[in-house]
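Naming convention: chains lettered A, B, ... in sequence-line order (proteins, then strands); numbering from 1 in each chain.
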Amino acid sequence: MDYIKIIILAIIVNNIILSQFLGICSFLGVTGKVSTAIGMGAAVTFVISMGNAITHLIQTYILIPYHIEFLQTITFIFVVAFLVQIVEIIVKKSVPTLYQALGIYLPLITTNCATLAVALLAVQNHYNLVQSVVYAIAIGIGYTLAMVLMAGIREQMEINGYPKGMRGFPMTLVIGSLLAMAFMGFSGLVK
Amino acid sequence: MTVSGSPHIYGDQTVKKIMWGVVIATLPAMLVSVWYFGIGAITTTAVAVLTCVIAEYLMRRYLLNEEHPDVSDGSAIITGMLLSFNVPSSLPWWQTMLGSIFAIGVAKISFGGLGRNLFNPALVGRVFLLISFPVNMTTWPVPLSNRWVLVDALTGPTPLGQLKEGLANGETIAALKVHLPSYQDMFMGQIGGSLGEVSAIAILIGGLYMLYRGIISWHIPVAYLTTVAVFSGILYLINPAHYIDPLFHLLAGGLMLGAFFMATDMVTSPMSHKGMLVFGLGCGLLTVMIRNWGAYPEGVSFAILIMNAFVPLINKGFKPKRFGEVTNG
Amino acid sequence: MLKPILRPGKEESMSNLKHFTNGIIKENPTFVLVLGTCPVLAITTTGFNGFGMGMATAMVLVLSNIFISILKNYIPDKVRIAVFITIIATCVSVVELVMKAFTPDLYKALGIFIPLIVVNCLVLGRAEAFAQKKGVFASALDGLGMGIGFTISLTLISIVREILGNGSFFTIPIIPAGAHPMLLFILPPGAFLTFGLLFAVMNALKRKFKI
Amino acid sequence: MNSIILYAVLAMCAIGIVAAIILYIVAQKFKVIEDPRIDEVVEILPGAHCGGCGFPGCRSLAETIVKRGSLENLNCPVGGKKVMGEIAAVLGLVAEEKEPMIAVVRCSGSKSNAPVKVQYEGASSCSFLNQLNAGESGCPFGCLGQGDCVTVCKFDAISIDPVSGLPVVDNDKCVACGACVKACPRQIIEIRYKGKKDRRIYVSCVNKEKGAIARKNCSVACIGCGKCVKVCPSEAITLENNLAYIDFEKCKLCRKCVKECPTGAITELNFPVSKEMTKVTSEIEA
Amino acid sequence: MKTFKLGGIHPEENKISAQQPIEIVPIPQTVYIPVSQHLGAPAKPIVEKGDLVKTGQLIAKGDGFISANVHSSVSGKVVKVDEVVDYSGYRRQSIIIESDGDEWVETIDRTPDLKRECALEPKAIVDKINEMGIVGMGGATFPSHVKLSVPQGKKAEYLIINGVECEPYLTSDYRLMLERGREIMVGITILMKGLKVDKAMVGIENNKPDAVRLMKDLSSEFKGITVHALRVKYPQGAEKQLIKALVNREVPSGKLPIEVGCVVQNVGTAFAVYEAVQKNKPLFERIVTVSGKTVKKPSNLLARVGTSINDLIVVAGGLPEDTGKVISGGPMMGRALSNTGAPITKGTSGILVMSEKESKRKKTMNCIRCGRCLNVCAMGLEPFLLANLSENQSWEEAEAEHILDCMECGSCQYTCPSGRPLLDYIRVGKNKVAQIIRTRKN
Amino acid sequence: MDEVSHMGVVEKVEGDKATVRITSFSACSACKSKEFCTMSEMKEKFVEVQLKENQEVKDGDNVNVVIAQKQGDMAVILAYAIPIIIFIGLLIGATALHTSELMAGIIALAGIGAYFLILRLFKNKIEGKFMFYIK
Amino acid sequence: MESTLKNMILSLSLISMAMAAGLGYVYVLTKGPIEEADKAKEVSAVTEVLPHFDNDPIKQKKEIEGLTFYPATNGGQLVGCAVKTYTTKGFSGRFDLMVGFKPDGTIHKVVVLEQKETPGLGAKMNDPKFRDQFMGKNLATYKLKVKKDGGDVDAISAATISSRAFCDGIQKAYDLYMKNFVKSNSMASVKADSTAGKGGKHE
Ligand SMILES: Cc1cc2nc3c(=O)[nH]c(=O)nc-3n(C[C@H](O)[C@H](O)[C@H](O)COP(=O)(O)O)c2cc1C
Ligand SMILES: Cc1cc2nc3c(=O)[nH]c(=O)nc-3n(C[C@H](O)[C@H](O)[C@H](O)COP(=O)(O)O)c2cc1C
Ligand SMILES: Cc1cc2nc3c(=O)[nH]c(=O)nc-3n(C[C@H](O)[C@H](O)[C@H](O)COP(=O)(O)O)c2cc1C
Ligand SMILES: Cc1cc2nc3c(=O)[nH]c(=O)nc-3n(C[C@H](O)[C@H](O)[C@H](O)CO)c2cc1C
Ligand code: SF4
Ligand code: SF4
Ligand code: SF4
Ligand code: SF4
Ligand code: FES
């Protein structure tokens, strides 16, 4: 039950983009096409779930025992940054064409604040290892959902046309606002 | 002489005719609401419609820089009508006005006006009001009380509100049923609620009129209502002490209004028949989910808005079957 | 690898004042560069929060820009980013600790967005684009300008949201009792909406005055 | 207390070393090939991504410039001389001297010169009207006036004059990217030298029909009489298929041909007002 | 009753000329005979200024495989071989003949008797059809001999005869079936023989019950021919839809009917084939419906190719005062004319005169995404999307959305409540996409 | 068929294969922060492309490289979806066996490593599936 | 600088170490003030909810079943006790309150320590209008339930959930306080227990 609660909360009720405001840059930036949004979503999900496992271990086995929690920010960002690099190498080494097919999204992830935030939030919520990873995956799904919705809408807007003055970010933000409004309907779904 | 490409003849449906057809279809519900809620219903509707039309005119003139905005197409009138249908008749007039301006400005004009918006303007307006002014938006005048006098009307709960409150206090359905209005009252509309949603029969009349005129197709309402009935039916079978029967869900709240007037808004719903069925299905599932498990007693507005967001994806994923797509075996 | 060629272009000849004002208007991080948008939406519920977040970011920007421009000659190219991150993360942690100690309420209100300054593209972006190439003083000014630009936009958005959504201005109530503010504006949709509409207004102004 | 600092230093030192090693490996695996000069050039380029240079975007042009190491035959029409000069300076190359160019609309079939014979109703698309019909005036070569050229112009440089119904090019905005040339289904628009003080002379007609037929639809059509060819001292004018053409590379802007043309098909732009100003010119200016 | 499944509309039928028997138009003084009256390469003129020609004499020879011969429709003197302004304002090469009477080429059998038996071999039939310049009379004017030459590896199973005439106003096929039913039946048997098939199906919409009855009666005299009444729905006459309705097969996207073993010919074509093969008569005259709500005397006229459209309108009572538009063909697919002095050709099935009021288009508004266009498209396309993509010049996406499948039936634009010029833009897109594909192939 | 396409420049041609340098990815070209986005030092990607018969390209050509959308989706599944499932599966499995969190974490991470190793073994087979081509 | 492995490791680890040292130093410096800030908050909350006292309740704080009790004396005489309590029934989950009780169990004052409720709705619990209605109420006689549920509490409009949770937090504090500190007054505690039991069933 606990897990279901974590999952529903993370995907819809406290959607990382629409109600927690994390990863907004990519939400505004790379939602031009649905396929891009899916690729980005999958990459983020992958990295944050790995990242959460590692940061959780670091937190419990290094930072806490040695009372150096103040290094949390530094160590976590390094974990994320290097995870991205390593995943890039691994994917490239194992199947280069695979890497070519989607390698682009990986580097974008490092500067996505959702990645770091999820690690920090998991620690803040005192999740255990499995919970932390489940949480990360659910967050990733919620992230992908929001990204894909936005991308679908923007694709359609491009075809339909919309006022010049709203072109670019303003339109995206207004759509984000209405999406967030719709998603408020989910509030209280899990208590 | 004129030249132009073919075809040279046209069908007789125009946007204007369609929109005014909807306006006509809203009249039964309008009249019923005036009967039940009296002057409040009249003023609220008038304020909403007028504000919507004027806002649409001004914004198109000065924000979209149209030379001669033509608001006679009737879409702003529908938005106003339906927005007022979605609020309690006791809502302060300035809030109705703000909601109308928000609906037209944010949900419609900023997207480029009629046909370009992705979210149902009236629902955006309603949700804006609900979120912004939760107190006024959840105070429901009792029907047939203080209809023609300008004093604060008696207030009472909506059936769904009563249900949610009761369940939250740990009561069972059986115990609650005693206080809930009868199905006949719910069908005729003698219950608390937004001014246009109360009477299922009036909405049905309007809906059938629209179906008859070919303004809407049956797909969305049927898919929506069936899903709600089936899903809530399943829950009812699983635990009748905690989940109320499907008929209640069908008659309560804004479901009928949503299914016939709001989910069918062609601008914000899918285009293909297959897509419409999926859309109705999604609306139904979300409505029941929010009603049963969410913080809000009523989920129709949110369900439709959420599904509005999915429309582009549905349009992408459920295209009509192309002729000659499959090769003959 | 080829050395980047320094072009005798606009930047080189820019006066210190320009370094400073650049970030406030012409390259405003929020409305022009659109970097670091998360805090712009998340914490702008009251004027104080917006201002505080802006100042915290400005502190980090100035500090990290200074450190990086000092150390720039001792950093091998390949570890450039890693070193930048280290420095920035340290500055953020310092700011975090200081805020925790001396402005605990603000720290609480901003929550997770303080450590997230690390991933704010703005900070790294300035390190890359500016501090890495320029002198200490210019870098500090640039950081300050950018920080102030960020602060101004955050505060602006916060003020709008606070007035509309809470009926107060820097927590001082300004609407008569009994009137209802529009709660939507301090809730998530209001954040997107305020930012979006302000953005559109800024664009319109920019077009009008040809900035 | 001090132990905390010690642990912190140790931990960070370890992270630093690990990071350095990983980065080193990464650096070895993925050699950076990008020439930093490309970015430099991209920054100079105007970023209009108009494709006027013949490449799909500004970056593509920058890459090509850097790769080829010369500016020969490469030109950014938007940035023009100034930008190419800057790029040349950055890369230590010589910029080609390029005469400034501009789009020129070679049709004077305005509503008064070539009256509307049939009304067109439908999509505002020259491409479609061209498919459907010879056009409102009946001239099968002339401007259709539906503004395909206007739609494609990224620089707002061309617009349909409501009075004449013909496109007008804005002297200051047009960067000669050539998008309109490609868009026009009737090959009416041509990129020509902008000319000293924006002065230009050209045959404002592309009708290849015999004179009498051409005149039927439009009073200012070129009838292929050849008078201008004879009078031109620079041998800039050629006559082919009943149509005169002035080569802008040869034309010396002497204005002799303008007076000679019996129909007023030759247009001169931005010359000081003279008595003989044809009505066409005045109309185009209007 | 049979019909096709996907989409379709029901425009007002307005078959006001249905009860008018076929009437012969007097031979005009001058005829302008374009050398390109068919789909494919224009024919090459083989006469010169000053030549004397007889009615039915070959005056331009088909140039290449997909092309068709052109014959003189009058006897007289060739005045000029020159470009003449056609109905759209463009100039086309035409042969101008001044008539001096109506002297027919001797080989043509001018007797009205029905000649049922045909002794020719299939190959000889196709050659004859080629020689006589027969092209499809259903509108597309595709050279019939090409259709009858089934490509290697493919096999025809059914001959489908198109008597649908689903366009409003038009009645020429209907009159032809009523008045020349037997000849059509013979023509069908000849076509069957030429195609080497033993089954032919005639599809007729049920709004012409007398034609259905008559053809059904006649078909019992001929082996292998069946006649089917179809439920009324536009565009039933389109060949892919007709095949779907009659034999329930779908011609794959981008493929020809022969892919599913069918060949479609119009009833008029069958009649022309009869005359060509049995009577040696080339295609130089045809039946044209002249109609319109303001036309005094809506009629079905038998006219020589090259007669000016004005002449036909005069026979039908003259051009009404408030004419806004004159259309060649039906109101759904026909082309608006800018020059009524232009001649009729082998493919002119009707002349439609519309008043000023009728000819105004609906006011264009934003698409309201009602989905009506997409639900009426018989090809299952998304017209609003295609039109938008084309307007935004996204040719590649338009191609991916199968813009080339559109058959330009106009149903989408007809139904659009916003009066959007959907088909206009789709045509632009089709043109551009086809062009792109062509350059890609090279 | 839906396709994902990228603009690129032909770098070199060998037999029926061409190496194309992808210049600006749609994801990045839309992003305003790309000037600052230097986290990746490898903005450039090289893609090996199978040439169609008779397809002629030469160095420096601007081309459109496409990969079928289906293949793109497949790539996402292979590279991210499956490993995540393995990862969480191992984690839950290990935790269920009452190993310590540290061990569970290490096992799961090792599992991912193993997965990619296995992927690598099937490299040739997978390679065939993800073929880019030039349009 | 050249990017050799040695250079890279050296510069990165040296800079990391320097940064770590600096940060560690700042940490050590700020450790005191941070703790003080935390404590100051505690003190001010305790002071606010209690009548005048002269001891240091922070020093004497006791933790019982997750709640913290700060007994306050004035001249050795018990004048009250502040209880740091919480509830998990809020609209957005947990929030923390500080409740000050007089020795007889009468509520002196309540303040909200930390909450995540919706601004403008649940967050209004910190408005004096709402929280001050509890001042001077004794739960032995006062029905700590919102009016909707048949109690005496005026709920925040449109935020019944938060109001209920608020009562839940106070109730928890009261029950434990009565059980552990006011053993003498068994009557009150029995009464309180019974109401608590009922409430529990309801939720
Ligand atoms: C290039 C081309 C080749 C064709 N080849 C054949 C053919 O081999 N057999 C055939 O039955 N029809 C052939 N057609 C004719 C088409 O199937 C179709 O009948 C014709 O385009 C007119 O169709 P419509 O009147 O329905 O538009 C061909 C058409 C074109 C354009
Ligand atoms: C939308 C549409 C409607 C058509 N309607 C008819 C029709 O009513 N009758 C007809 O004979 N052909 C009609 N055609 C043409 C047929 O598709 C086909 O070309 C013709 O029947 C082939 O015969 P033909 O080559 O003998 O002309 C239509 C075509 C289209 C695209
Ligand atoms: C986004 C959102 C935030 C809400 N926040 C709160 C809250 O903080 N506290 C609360 O009690 N109710 C909150 N509600 C309202 C509840 O869902 C519920 O409607 C209400 O508490 C019960 O209504 P009543 O007080 O009118 O009986 C919120 C609702 C929404 C949609
Ligand atoms: C069947 C039908 C239903 C409609 N429903 C709504 C509605 O729920 N809300 C609304 O604002 N407008 C509605 N409209 C009007 C119109 O479509 C709407 O204002 C557009 O969304 C504005 O672009 C409706 C129109 C029709 C024809
Ligand atoms: S007018 Fe033509 S050439 Fe000039 S900028 Fe516009 S599109 Fe380019
Ligand atoms: S110049 Fe060409 S493209 Fe421009 S309006 Fe005239 S015909 Fe159209
Ligand atoms: S014209 Fe084309 S797109 Fe429109 S309905 Fe007909 S086939 Fe479909
Ligand atoms: S019929 Fe017209 S309004 Fe409706 S979807 Fe199609 S184009 Fe849009
Ligand atoms: S600030 Fe850029 S993703 Fe959050």
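Neither the backbone nor the side chain of E:Ser88 comes within less than 4.5 Å of any heavy atom of chain B. If you measure heavy-atom distances from E:Glu358 to chain B, the contacts under 4.5 Å come from the backbone alone. For E:Leu385, the part lying under 4.5 angstrom from a heavy atom of chain B is the side chain only. The contact between E:Lys363 and chain B is made entirely by side chain atoms (from C-beta outward), counting heavy-atom distances below 4.5 Å. Of the two parts of E:Met379, the backbone and the side chain both hold a non-hydrogen atom closer than 4.5 Å to a non-hydrogen atom of chain B. Both the backbone and the side chain of E:Arg361 come within less than 4.5 Å of a heavy atom of chain B. Of the two parts of E:Leu381, the backbone and the side chain both hold a non-hydrogen atom closer than 4.5 Å to a non-hydrogen atom of chain B. Contacts of B:Leu114 with chain E are made by both backbone and side-chain atoms, with heavy-atom separations under 4.5 Å. There is no contact between E:Phe4 and chain B, counting heavy-atom distances below 4.5 Å. Using a 4.5 Å cut-off between heavy atoms, B:Asp265 does not touch chain E at all. At a 4.5 Å heavy-atom cutoff, the contact between E:Cys370 and chain B is made by backbone and side-chain atoms alike. Of the two parts of E:Pro421, neither the backbone nor the side chain holds a non-hydrogen atom closer than 4.5 Å to a non-hydrogen atom of chain B.
Under a 4.0 Å N-O distance rule, the pair B:Lys319/E:Glu401 qualifies as a salt bridge. In this structure, E:Asp405 does not pair ionically with E:Lys240, as no charged nitrogen and carboxylate oxygen lie closer than 4.0 Å.
Counting heavy-atom pairs closer than 4.5 Å to chain B, the top-ranked of the candidates E:Glu356, E:Met333, E:Arg372, E:Met354 is E:Arg372. The choice from E:Ser338, E:Pro168, E:Pro11, E:Gly334 that makes the most heavy-atom pairs within less than 4.5 Å of chain B is E:Gly334. When E:Cys409, E:Gly419, E:Gly371 are compared by the number of non-hydrogen pairs under 4.5 Å with chain B, E:Gly371 comes out ahead. Note: B:Ile215 leads B:Asp12, B:Ile215, B:Thr268 in heavy-atom pairs under 4.5 Å with chain E. Among the candidates E:Thr323, E:Asp424, E:Val326, E:Ile327, the residue making the largest number of heavy-atom pairs closer than 4.5 Å to chain B is E:Ile327. Contacts with chain E were tallied for B:Arg116, B:Lys17, B:Met1, B:Lys16; B:Arg116 has the most, counting heavy-atom pairs under 4.5 Å. Among the candidates B:Ser6, B:Ser217, B:Pro270, the residue making the largest number of heavy-atom pairs closer than 4.5 Å to chain E is B:Ser6. Between chain E and the options B:Asn315, B:Asn117, B:Ile216, heavy-atom pairs under 4.5 Å are most frequent for B:Asn117.
How far NE2 of B:His8 is from CZ of E:Arg335: 9.0 Å, rounded to the nearest 0.5 Å. Taken to the nearest 0.5 Å, the SG atom of E:Cys406 stands 8.0 Å off from the CZ atom of E:Arg427. For the atom pair B:Leu281 CG and B:Tyr224 OH, the distance stands at 11.5 Å (nearest 0.5 Å). Going from atom CG of E:Leu386 over to atom CD of E:Glu399 covers 12.0 Å, rounded to the nearest 0.5 Å. Considering CD1 of B:Ile104 and SG of B:Cys52, their distance stands at 4.0 Å, rounded to 0.5 Å. A distance of 10.5 Å separates NZ of B:Lys108 from CG of B:Asn120, quoted to the nearest 0.5 Å.
With contacts defined as side-chain heavy-atom distances shorter than 4.5 Å, the pair E:Glu382/E:Leu389 does not qualify. Between B:Cys283 and B:Thr227, the closest side-chain pair of non-hydrogen atoms is not below 4.5 Å. Using a 4.5 Å heavy-atom cutoff, the side chains of E:Glu157 and E:Arg249 are in contact.
When all heavy atoms are compared, the tightest approach of B:Ala263 to B:Phe279 is O-CE2, 3.4 Å.
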